[in-house]
Chemist: 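Sharing a structure with you now.
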Amino acid sequence: MDHEYGDRKNFPNSHGICVDRDGATEEKVTSKCLKDVGVLPEETVDNMQQEYVVPLGIPFSLTYKRKPTSSSWFWRLKPQSRGDMENCCSSKAWGIHGYKSSFRMARMENYLYEGSTEQLMNF
């Protein structure tokens with residue numbers, strides 16, 4: 001597998017192929033590699049349409065309201081029944097971005113398992 005580390009302009013011919021890539025497009029490339037070996041994406045929501053994977057982090061997701069005219073990448077392919085704001089995230093979420101420090105992790109855990117948004121929003 002090819003490796004791509006550094007500025008993307010150094011790799012002009014790698015769009016849409018499976019490579020080992022760092023940075024912001026890492027998940028997109030990983031999904032391409034998985035698809036190449038037959039692993040296809042599935043919904044990751046609970047029975048209340050709340051997401052198990054939270055790519056924007058809990059504090060942002062709690063304040064991100066879906067507008068009827070929203071066209072952002074985040075909402076583009078999601079059904080209208082998908083929860084937003086306080087209904088965004090499953091209490092059993094397992095993929096949450098933005099929590100590398102123990103301090104932020106403790107606050108996020110407090111929200112998920114004790115339902116307290118007060119401390120969570122004061123990051």
Chemist: Do Val53 and Phe60 sit in one hydrophobic cluster, given that two such residues count as connected whenever their side-chain heavy atoms are within less than 4.5 Å of each other, even indirectly?
Modeler: no

Chemist: So Phe74 and Pro55, do their side chains get closer than 4.5 Å, heavy atoms only?
Modeler: yes

Chemist: Looking at CG of Asp36 and OG of Ser31, how far apart are the two atoms once the value is rounded to the nearest 0.5 Å?
Modeler: 9.5 Å

Chemist: Between Ser72 and Tyr64, is any side-chain donor less than 3.5 angstrom from a side-chain acceptor?
Modeler: yes

Chemist: Do you know which two heavy atoms are closest between Gly83 and Trp75, and how far apart they sit?
Modeler: O-CH2, 3.8 Å

Chemist: Restricting to salt bridge (charged side-chain N to carboxylate O under 4.0 Å, His left out), what partner residues turn up for Lys35, sequence neighbours left out?
Modeler: none

Chemist: If I take atom CE from residue Met85 and atom OG1 from residue Thr63, how far apart are they, to the nearest 0.5 angstrom?
Modeler: 6.5 Å

Chemist: So does Lys65 get a backbone contact from the side chain of Asp84, meaning a donor-acceptor N/O pair under 3.5 Å?
Modeler: no

Chemist: Return each pair, listed once, that meets salt bridge (Lys or Arg N to Asp or Glu O under 4.0 Å) where at least one residue sits in residues 37-49; pairs must be two or more places apart or across chains.
Modeler: Glu43-Arg82

Chemist: List in chain and number order the residues that pass side chain to side chain contact (heavy atoms under 4.5 Å, CB included) with Ser81, two or more places apart in sequence or in another chain; answer none if no residue qualifies.
Modeler: Gln49, Pro79

Chemist: Test side-chain contact (heavy atoms from CB on, under 4.5 Å) on Val45 and Gln50 and set out the steps.
Modeler: CA-CA 5 Å; Val45 296; Gln50 295 173 328; over 6 Å; no

Chemist: What pairs meet the salt bridge (Lys or Arg N to Asp or Glu O under 4.0 Å) rule with one or both residues in residues 72-81, with sequence neighbours excluded?
Modeler: Glu51-Lys78

Chemist: Quick one: hydrophobic cluster around Leu34, which other residues, with the 4.5 Å side-chain cut-off, linked directly or via members?
Modeler: Val37, Val39

Chemist: Tell me, please, which residues at least two apart from Asn47 pass side chain to side chain contact (heavy atoms under 4.5 Å, CB included).
Modeler: none

